[in-house]
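The structure under discussion appears below in the form of structure tokens.
The chains referred to below are lettered A, B, ... by the order of the sequence lines, with proteins before strands, and numbering in each begins at 1. Fair warning: this is a prediction, and the values are worked out from it, not measured in the lab.
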Protein chains: 2
Amino acid sequence: MRPNKRDELVRKALQVFYQDGFHATGMDKLVVETGVSKTSMYKHFRTKEELILAALRLRDENFRNWFLRRIEELADTPADQLIASFDALGEWFEEDGFRGCMFIKAGAEFQDKTHPIHVQAAEHKRLLLEYFTDLARRAGASAPEALACQILLLKEGAIVTAVLIKSCDPAHEAKAAAKVLLEAALLN
Amino acid sequence: MRPNKRDELVRKALQVFYQDGFHATGMDKLVVETGVSKTSMYKHFRTKEELILAALRLRDENFRNWFLRRIEELADTPADQLIASFDALGEWFEEDGFRGCMFIKAGAEFQDKTHPIHVQAAEHKRLLLEYFTDLARRAGASAPEALACQILLLKEGAIVTAVLIKSCDPAHEAKAAAKVLLEAALLN
DNA sequence: TCCAAGGTTTACTGATCGGTACATGTTGGA
DNA sequence: TCCAACATGTACCGATCAGTAAACCTTGGA
């Protein structure tokens with residue numbers, strides 16, 4: 001029951017859930033994949049739901065760490081960073097094993113708005129919206145909340161579209177749209 | 001085995017799948033909900049997958065019929081119709097039992113790009129993109145495909161955000177963004 | 001009136017679901 | 001060396017999964 005063992009289980013579960021989905025992934029499969037016994041698994045996580053929540057927490061940490069860091073690497077000013085976020089997205093879309101946003105999928109599989117998994121997925125999006133709002137404010141947008149929301153819409157739309165449509169380069173078009181929206185928000 | 005009986009089964013299955021998800025809905029549940037026996041169900045549909053595909057076909061028909069008709073009711077010119085599509089979306093979001101886009105959810109639960117269900121979900125989005133492209137072209141946009149893609153991104157993003165976040169009015173912000181993007185596309 | 005055809009039902013299949021009781025290591029302290 | 005504490009594995013639970021075999025109506029035609 002050393003803590004790093006638990007982390008390793010969460011890491012592996014995250015991979016499988018991301019690849020195959022939540023309902024489609026049984027605990028037996030995770031037991032086989034991790035090599036641990038079922039009893040050990042249930043010593044670390046009282047229920048499957050608890051394991052999913054742990055996996056989502058790890059995913060939130062991993063994704064936001066990578067996304068924010070990459071944006072800061074790509075651009076210096078808040079305005080440029082808002083735009084550069086779509087370059088980061090584009091890089092993500094090109095990765096092997098890209099399967100869309102785990103939190104959109106979590107919200108889709110657990111639709112009850114009061115369900116802990118749905119709530120946690122929503123929290124991830126809220127944190128991203130907060131981040132965009134901060135960038136928009138520091139960029140000097142006339143209505144930072146509105147611009148941030150619009151940027152978020154483009155980001156979520158780009159992810160969904162990247163999953164479903166091959167034509168229409170979503171990251172590129174989202175970036176072009178963001179430029180126009182940012183410019184308009186700075187003028188007023 | 002009269003044809004309207006089959007349609008009735010598809011209609012009911014569509015409701016349940018939309019409400020509870022695909023993997024989370026068992027055939028036994030559908031059998032109880034529809035009142036038909038399991039054998040009869042499997043006389044109409046050889047597999048669960050076939051039933052899901054039939055439900056998605058009906059959903060595509062219902063949604064696109066409603067969406068296009070509503071847009072035509074709300075606006076006359078192609079340019080206005082591009083913008084009015086977000087008013088239609090907003091009405092959809094306010095409906096009781098709104099649970100997001102069935103095709104996004106289908107793509108999320110069946111992630112393999114070659115899976116028939118994933119393919120059919122993608123086809124729905126492609127048809128919508130085609131529709132937006134037509135509107136953009138008739139509106140006189142300088143790059144109709146690009147504008148249509150951007151409108152689609154806003155639409156998909158608005159749906160996802162409407163499901164997950166309560167703050168930030170997605171239909172309203174998407175409409176505002178679309179106005180800016182349309183104006184920019186008409187100027188050049 | 002009888003029969004054939006086809007839709008419907010009951011009852012079931014093996015596999016898998018999430019989860020657990022209980023036996024079996026394994027390890028640190030005395 | 002022995003024991004207590006705890007982690008692990010085996011084997012299983014009832015429920016549910018997608019799907020099916022075979023008995024049971026029901027109905028139209030002769």
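- Between M27(B) atom CE and dA11(C) atom P there is a gap of 20 Å when expressed in whole angstrom units.
- The phosphate of dG18(C) (OP1 or OP2) has a side-chain N or O of K48(A) nearer than 4.0 angstrom.
- The CG atom of D80(A) sits 10.5 Å away from the CG atom of L74(A) when rounded to the nearest 0.5 Å.
- Contact check on D20(B) versus K29(B) returns a salt bridge, with a Lys/Arg side-chain nitrogen under 4.0 Å from an Asp/Glu carboxylate oxygen.
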- prompt: For V119(A) and H115(A), what are the C-alpha separation, side-chain angles and deciding distance, and is it a side chain to side chain contact (heavy atoms under 4.5 Å, CB included)?
  reply: CA-CA 6 Å; V119(A) 169; H115(A) 194 293; over 6 Å; no

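- dC12(C) atom P lies 19 Å from atom OH of Y42(B), rounded to whole Å.
- We find that E8(A) and R11(A) are not joined by a salt bridge, their nearest charged nitrogen and carboxylate oxygen being 4.0 Å or further apart.
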Please list, pair by pair, any protein nitrogen or oxygen found under 3.5 Å from a nitrogen or oxygen in nucleotides 9-16 of chain D.
{"from": "dG9(D)", "atom 1": "OP2", "to": "S37(A)", "atom 2": "N", "distance (Å)": "3.0"}
{"from": "dG9(D)", "atom 1": "OP2", "to": "S37(A)", "atom 2": "OG", "distance (Å)": "3.1"}
{"from": "dG9(D)", "atom 1": "N7", "to": "S37(A)", "atom 2": "OG", "distance (Å)": "3.4"}
{"from": "dG9(D)", "atom 1": "N7", "to": "T39(A)", "atom 2": "OG1", "distance (Å)": "3.3"}
{"from": "dG9(D)", "atom 1": "O6", "to": "T39(A)", "atom 2": "OG1", "distance (Å)": "3.0"}
{"from": "dT10(D)", "atom 1": "O4", "to": "T39(A)", "atom 2": "OG1", "distance (Å)": "2.7"}

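- Counting to the nearest Å, the P atom of dA18(D) and the NE2 atom of H23(A) are 12 Å from each other.
- The pair K105(B)-E109(A) fails the salt-bridge criterion, with no side-chain N (NZ, NE, NH1 or NH2) lying under 4.0 Å from an Asp/Glu carboxylate O.
- One atom, CG of L51(A), and another, C1' of dC17(C), lie 15 Å apart when rounded to the nearest Å.
- Between the NZ atom of K43(A) and the C1' atom of dC22(C) there is a distance of 11 Å, given to the nearest Å.
- Rounded to whole Å, the distance from NE2 on H44(B) to C1' on dG19(D) is 16 Å.
- Atom NZ in K29(B) sits about 14 Å away from atom C1' in dC17(D), given to the nearest Å.
- Rounded to whole Å, atom P of dT16(C) lies 15 Å from atom CG of D20(A).
- By the 4.0 Å N-to-carboxylate-O rule, E130(B) lies close enough to R126(B) to be salt-bridged with it.
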